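For reference, the structure is listed below as structure tokens.
In the text below, chain A, chain B and the rest are named by the order of the sequence lines, each starting its count at 1. Note that the structure is a prediction, hence the values are computed from the model and not measured.
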There are 2 protein chains.
Amino acid sequence: MTDALEQEPQAHDPIEQQSFEQQLRSSGLQVTAQRLAIMQAVTDGPHATAEELTEIVRDKIGSISRQAVYDTLGALADKRLIRRIQPTGSPARFEDRVGDNHHHLVCRGCSLIFDIDCAVGTTPCLTADDDHGFEIDEAEVVYWGRCPDCRT
Amino acid sequence: MTDALEQEPQAHDPIEQQSFEQQLRSSGLQVTAQRLAIMQAVTDGPHATAEELTEIVRDKIGSISRQAVYDTLGALADKRLIRRIQPTGSPARFEDRVGDNHHHLVCRGCSLIFDIDCAVGTTPCLTADDDHGFEIDEAEVVYWGRCPDCRT
DNA sequence: CAGAACTTCTGGACTCAGTCAAGAGTTTGA
DNA sequence: TCAAACTCTTGACTGAGTCCAGAAGTTCTG
């Protein structure tokens, strides 16, 4: 949880491809070129929108339909292989860091998004004061502010 | 922080109307019947969507345009008289509890939303580990889970 | 390695939340 | 009271995301 952020795009990598394939299979999803390309794109471009991911995938494998991108992103998010975040006023964005309880810092001016490690330890934010009988599985934290550029 | 939630709708109340008017004036906004009705509606129906608020206001004052509702909600949120929240997969929702650093508990099944007081004290969540030079003004926390009804 | 069964992809139409623009109407402050 | 400034209405529009049905691809069984 205090690991480095690993935000830099990662090179196309056979070992990673392999791992993507294993992730798909062990989640009961079929393995297709489109899905592998989408997973690679999410890893390469963290916080990208569905549209941006579509662009990236088209550059990589030639063509893909919008529907296939939405279907795949939805399926991957369902299986918790990727995470969907949706700041107010912005289309949904996707990232591959899952299960490490990190949060996001969003600029009110330019919508720039940064990852932030949890300030208060391991999974403190999962401890709600009164859970109303809910079975809580995730706490999503978004910090709002202005980035250095937009403060001027 | 262990107070009751005060989520039950409040009756139409001249004293509250008065206060709405003062809030508008001191924020430099003009006072109109539409705006008062919208503020009342946000108070009466916490976590309502723009569309639901439009319905409530129409019941109250006869008619209002969708645009007026969006303009007013935007202006009120700008002035921090109300707060806009937008859980993933749901249209924007509005509430009148501002400035008390409370959070939200959302059901993945039925989208039911509860208010939750901050678990960790006053404004702990405004303390990000690394602020990347941002000027942070708000931390938004959403707990995701399943309500008692949807767990079955 | 074939064929069947199942899953995924494509393309197009569609829905829904929200925005833009221009003109009419209302509120405010001198 | 009157002009300036602000707000509301109407209607068209945008952009993200969904629905549908048929075509194509993948996996399983023998």
Side-chain angles (χ1 to χ4, degrees), chain A residues 17 20-39 41-42 47-58 60-79 81-82 84-94 111 113, chain B residues 17-18 20-39 41-42 47-58 60-79 81-82 84-94 111:
Chain A
Q17 287 282 348
F20 288 155
E21 192 173 330
Q22 287 170 353
Q23 287 181 352
L24 287 172
R25 286 191 200 285
S26 62
S27 298
L29 295 174
Q30 288 189 4
V31 177
T32 66
Q34 289 86 342
R35 293 189 164 180
L36 293 174
I38 289 170
M39 293 178 83
V42 171
H47 309 143
T49 63
E51 169 146 6
E52 288 162 356
L53 292 169
T54 304
E55 284 302 302
I56 298 174
V57 170
R58 286 193 177 141
K60 198 173 308 176
I61 64 169
S63 80
I64 192 172
S65 70
R66 188 171 33 146
Q67 192 58 48
V69 175
Y70 279 109
D71 284 353
T72 300
L73 291 173
L76 295 175
D78 265 4
K79 301 294 186 183
L81 297 180
I82 63 174
R84 179 203 306 261
I85 55 181
Q86 182 165 9
T88 302
S90 156
R93 292 161 185 276
F94 300 86
S111 294
I113 299 182
Chain B
Q17 288 281 348
Q18 173 67 10
F20 288 155
E21 193 174 329
Q22 286 170 352
Q23 287 181 356
L24 287 171
R25 286 191 199 285
S26 62
S27 297
L29 296 172
Q30 288 190 1
V31 178
T32 66
Q34 289 90 339
R35 293 187 165 179
L36 292 174
I38 288 170
M39 293 178 85
V42 172
H47 309 141
T49 63
E51 171 147 3
E52 288 162 356
L53 292 169
T54 304
E55 285 302 303
I56 298 175
V57 169
R58 286 195 176 139
K60 198 175 308 177
I61 64 170
S63 80
I64 192 172
S65 68
R66 190 171 33 143
Q67 192 59 46
V69 174
Y70 279 108
D71 283 353
T72 299
L73 291 173
L76 294 175
D78 265 4
K79 300 295 184 180
L81 297 180
I82 64 174
R84 180 204 306 261
I85 55 181
Q86 182 166 6
T88 301
S90 155
R93 293 163 185 275
F94 300 86
S111 293

So which protein nitrogen or oxygen atoms get under 3.5 Å of nucleotides 3-7 of chain C's nitrogens or oxygens?
{"from": "C/dT7", "atom 1": "O4'", "to": "A/Gln30", "atom 2": "NE2", "distance (Å)": "3.0"}

Which of C/dC9, D/dA12, D/dT18 is nearest the side chain of A/Arg66? It is D/dT18
Side-chain contact check for A/Val31: nearest option of C/dC9, D/dT27, C/dT27 is D/dT27
note: B/Arg93, atom CZ; C/dG18, atom C1'; distance rounded to Å ~ 15 Å
Among the nucleotides C/dC9, D/dT10, C/dG18, whichever has the atom closest to the side chain of A/Ala68 is C/dC9
Rounded to whole Å, CZ of B/Arg84 lies from P of C/dT19 at a distance of 7 Å
Here the distance between atom C1' of C/dT8 and atom CD1 of A/Ile64, to the nearest Å, is 10 Å
Hey, does the side chain of A/Thr72 come within less than 4.0 Å of C/dT8's phosphate (OP1/OP2), counting only N and O? no
In this structure, CZ of B/Arg93 is separated from CD of B/Gln86 (nearest 0.5 Å) by 10.0 Å
Rounded to whole Å, the CD-P distance (B/Gln86 to D/dA16) equals 13 Å
Does D/dC8 have its OP1 or OP2 closer than 4.0 Å to a side-chain nitrogen or oxygen of B/Thr32? yes
By side chain to side chain donor-acceptor pair (under 3.5 Å), B/Ser65 pairs with (sequence neighbours left out) none
CG (B/Leu53) and OG1 (B/Thr72) are apart, to the nearest 0.5 Å, by 11.0 Å
Testing D/dA12, C/dG12, D/dT9 for proximity to the side chain of A/Gln67, the answer is C/dG12
TODO: Indicate yes or no: at least one non-hydrogen side-chain atom of B/Ile82 is less than 4.5 angstrom from one of B/Met39.
DONE: no
Among the nucleotides D/dT27, C/dC20, D/dA16, whichever has the atom closest to the side chain of A/Arg25 is D/dT27
Q. Checking all strands, does B/Ala75 fall into the base, sugar-phosphate, or nothing category for heavy-atom contacts under 4.0 angstrom?
A. nothing
Per-helix bend value, the helix from C/dC1-D/dG30 to C/dA30-D/dT1, C1' rotation axes over five pairs per end, 10° rounding, shows 40°
- Message: Counting C-beta onward and ignoring hydrogens, is there a side-chain heavy-atom pair between A/Val69 and A/Val57 closer than 4.5 Å?
- Response: no
To the nearest angstrom, the CG-C1' distance between B/Leu53 and C/dG18 comes to 14 Å
Picking from D/dG17, C/dA17, D/dC8, the nucleotide nearest the side-chain atoms of B/Tyr70 would be C/dA17
Looking only at heavy atoms, the pair that brings A/Ala50 and A/Phe94 closest together is N-CE1, 4.2 Å
Contacts of A/Asp71 meeting side chain to side chain donor-acceptor pair (under 3.5 Å) (sequence neighbours excluded), chain-then-number -> A/Gln67
Of B/Pro91 and B/Ala33, the one whose nearest nucleotide on DNA chain C sits closer to the 5' end is B/Pro91
Separation between CZ (A/Phe20) and CD1 (A/Ile38), nearest 0.5 Å, reads 11.5 Å
Exercise answer: donor-acceptor pairs, residues 24-37 of chain B side-chain atoms, under 3.5 Å, sequence neighbours excluded:
{"from": "B/Arg25", "atom 1": "NH2", "to": "B/Glu21", "atom 2": "OE2", "distance (Å)": "2.9"}
{"from": "B/Ser26", "atom 1": "OG", "to": "B/Gln22", "atom 2": "O", "distance (Å)": "3.0"}
{"from": "B/Ser26", "atom 1": "OG", "to": "B/Gln23", "atom 2": "O", "distance (Å)": "3.3"}
{"from": "B/Ser27", "atom 1": "OG", "to": "B/Gln23", "atom 2": "O", "distance (Å)": "3.0"}
{"from": "B/Thr32", "atom 1": "OG1", "to": "B/Arg35", "atom 2": "N", "distance (Å)": "3.2"}
{"from": "B/Arg35", "atom 1": "NH1", "to": "B/Gln30", "atom 2": "O", "distance (Å)": "3.3"}

A/Glu55 meets the side chain to side chain donor-acceptor pair (under 3.5 Å) criterion, sequence neighbours left out, with none
